[in-house]
Number of protein chains: 2
Amino acid sequence: MATTTGTLTIKEVAAATGLSVHTLRYYERVGLIHAIDRADNSHRRYSEDDIGWINFLKKLRATGMSIHDMQTYAHLQRLGDSTLPQRVEMLKALQQQVEAHINELNEHLGLIRYKIEYYGAMIEAEALEAPA
Amino acid sequence: MATTTGTLTIKEVAAATGLSVHTLRYYERVGLIHAIDRADNSHRRYSEDDIGWINFLKKLRATGMSIHDMQTYAHLQRLGDSTLPQRVEMLKALQQQVEAHINELNEHLGLIRYKIEYYGAMIEAEALEAPA
DNA sequence: CCTTGACTTGGAGTGCACTCGAAGTTGTAG
DNA sequence: CTACAACTTCGAGTGCACTCCAAGTCAAGG
């Protein structure tokens with residue numbers, strides 16, 4: 001649990017995480033990321049741990065979690081281990097949403113595949129009707 | 001291919017499809033839905049076929065397709081069978097996106113499940129340290 | 001000394017997909 | 001005749017998640 005001291009610039013973190021520097025500052029501003037360490041010139045210096053957290057945030061976003069809910073989660077995280085039960089509840093709710101979402105996508109995927117097949121057959125049929 | 005004549009009000013279609021009346025008008029305005037038949041009093045009268053199309057639109061949206069791309073698709077659809085190849089291409093691209101999305105969600109789901117497990121164990125451990 | 005470039009801040013602007021408001025028309029019920 | 005409900009249009013407003021801008025600071029290079 002060695003809290004690595006910050007060494008990475010915001011640009012480096014942007015490159016490492018795929019978020020823009022704008023988004024990194026935005027995330028910090030809205031409390032998704034804790035107040036980042038500063039160098040003497042007041043520039044941000046991120047640690048490796050920060051990268052880990054940011055990558056986790058990215059995953060939460062990618063599951064469809066809203067910024068608002070992520071703020072709640074980040075806040076609980078900062079409150080420490082006493083909030084573990086609440087965080088587990090949030091994760092369980094998220095798990096169910098994601099599972100439901102995957103199921104829905106799979107259903108729609110079935111229809112898409114069917115249409116590709118069906119339209120493909122129609123195109124074939126037309127090609128036969130009017131051969132070159 | 002009997003083009004059923006419109007009998008359903010916008011409210012009924014909203015109830016049937018789960019879209020709001022606002023959204024139904026909006027979709028028509030932006031060209032996702034063709035100009036709907038009107039009753040003598042200029043009220044919209046939807047057909048069963050319209051419901052089918054709207055439900056398909058909902059599925060496209062649910063896969064993450066943008067309104068813009070849906071406009072393209074709807075436009076091609078209205079141009080008739082000659083656009084089948086382009087529509088198949090769009091569907092194939094969509095299929096790949098959805099498959100990729102599902103894979104991503106499954107990966108993140110793995111992490112979520114892991115965290116639920118791990119945090120669950122931490123909570124257990126804490127409960128043992130400080131028994132009631 | 002001057003320029004360049006990477007950073008800082010606060011606040012404004014953007015794009016998307018709706019969502020709503022205001023004012024008007026029409027048809028039915030009391 | 002009046003009230004009401006359901007619809008109509010056009011345009012404005014909303015919420016989300018960024019995304020960008022202007023003006024300023026600071027360190028290093030020429």
Side-chain angles (χ1 to χ4, degrees), chain A residues 6-47 50-51 53-75 94 97 101, chain B residues 6-47 50-51 53-75 94 97 101:
Chain A
T7 54
L8 300 157
T9 68
I10 195 168
K11 201 180 181 185
E12 288 166 345
V13 173
T17 63
L19 293 182
S20 72
V21 294
H22 299 296
T23 302
L24 286 171
R25 283 194 280 252
Y26 166 69
Y27 275 16
E28 185 176 339
R29 201 170 358 132
V30 300
L32 291 182
I33 303 172
H34 67 87
I36 296 293
D37 287 349
R38 300 306 179 108
D40 289 349
N41 57 9
S42 83
H43 290 193
R44 287 173 180 80
R45 290 291 177 265
Y46 294 79
S47 71
D50 293 331
I51 300 257
W53 173 247
I54 291 162
N55 279 328
F56 177 57
L57 288 179
K58 278 193 71 178
K59 288 173 195 195
L60 289 183
R61 274 299 290 141
T63 64
M65 187 183 269
S66 68
I67 295 291
H68 180 84
D69 285 358
M70 285 166 64
Q71 287 171 320
T72 302
Y73 191 95
H75 180 66
L94 181 62
Q97 284 172 38
H101 192 192
Chain B
T7 54
L8 300 157
T9 67
I10 195 167
K11 202 181 182 184
E12 288 165 345
V13 174
T17 63
L19 293 182
S20 72
V21 295
H22 300 294
T23 302
L24 286 170
R25 284 193 280 251
Y26 166 69
Y27 274 16
E28 185 176 340
R29 200 170 358 133
V30 300
L32 291 182
I33 303 173
H34 68 87
I36 296 294
D37 288 348
R38 300 305 180 109
D40 290 348
N41 57 10
S42 82
H43 289 193
R44 288 173 180 79
R45 289 292 176 263
Y46 293 80
S47 70
D50 294 332
I51 300 257
W53 173 246
I54 291 162
N55 278 329
F56 177 57
L57 288 178
K58 278 193 68 179
K59 289 173 196 196
L60 289 184
R61 274 299 289 141
T63 64
M65 188 183 268
S66 68
I67 296 291
H68 181 82
D69 285 357
M70 286 166 63
Q71 287 171 320
T72 302
Y73 191 95
H75 181 65
L94 181 62
Q97 284 171 39
H101 192 190

Q | Between P of dT26(C) and CZ of Arg45(B), the distance in whole Å | A | 14 Å
Q) Taking the six-membered ring for Trp, are His101(B) and His101(A) parallel (under 30°), tilted (30 to 60°) or perpendicular (over 60°)? A) perpendicular
**Q.** Any Arg44(A) side-chain nitrogen or oxygen under 4.0 Å from OP1 or OP2 of dC7(C)
**A.** no
Q.
Hydrogens and angles aside, do Thr72(A) and Asp69(A) bring a side-chain donor and acceptor to less than 3.5 Å of each other?
A. no
(Q) What is the separation between atom CD1 on Ile33(B) and atom P on dC18(C), rounded to the nearest whole Å? (A) 11 Å
Q) Are Thr63(B) and Gln97(B) close enough that some pair of their side-chain heavy atoms sits under 4.5 Å apart? A) no
Q | Heavy-atom side-chain contact between Ile67(A) and Tyr26(A) under 4.5 Å | A | yes
Q: Specify the separation, in whole Å, of atom CG of Leu8(A) and atom C1' of dC7(C).
A: 15 Å
Write down the protein N/O and nucleotide N/O pairs, taken from nucleotides 28-30 of chain C, whose separation is under 3.5 Å; answer none if there are no such pairs.
none

Q. What's the CD-P distance between Glu28(B) and dT19(C), to the nearest Å?
A. 18 Å
Q: Please tell me if the side chains of Val13(A) and Asp50(A) come closer than 4.5 Å, counting only heavy atoms from C-beta onward.
A: no
Q) Does Ser42(B) place a side-chain N or O at less than 4.0 Å from the phosphate oxygens OP1/OP2 of dT25(C)? A) no
Q.
Less than 4.5 Å apart, side chain to side chain, heavy atoms only: is that true for Thr9(B) and His43(B)?
A. no
Give every pair of a protein N or O atom and an N or O atom of nucleotides 15-21 of chain D that lie under 3.5 Å apart, one pair per line with the distance.
residue	atom	partner	partner atom	Å
dA17(D)	OP1	Ile67(A)	N	3.3
dA17(D)	OP2	Ile67(A)	N	3.4
dC18(D)	OP2	Tyr27(A)	OH	2.9
dC18(D)	OP2	Arg61(A)	NE	3.0

Q) Whole Å only: how far is the CZ atom of Arg38(B) from the P atom of dG27(C)? A) 14 Å
Q: Calculate the interatomic distance between Leu32(B) atom CG and dC18(C) atom C1'; express it in whole Å.
A: 12 Å
Q. Once you round it to whole Å, what is the distance between P of dT8(D) and CG of Asp40(B)?
A. 14 Å
Q. If each of Ile10(A) and Asn41(B) is mapped to the nucleotide of DNA chain C with the nearest heavy atom, which maps nearer the 5' terminus, i.e. the 5' end?
A. Ile10(A)
Q) Any side-chain heavy atom of Arg38(B) within less than 4.5 Å of one from Arg44(B)? A) yes
Q. Whole Å only: how far is the NZ atom of Lys11(B) from the C1' atom of dG27(C)?
A. 15 Å
(Q) Please check: side-chain N/O of Gln71(A) versus main-chain N/O of Gly31(A), any donor-acceptor pairing under 3.5 Å? (A) no
Q: Answer whether the closest heavy-atom distance between the side chains of Tyr27(A) and Leu57(A) falls below 4.5 Å.
A: yes
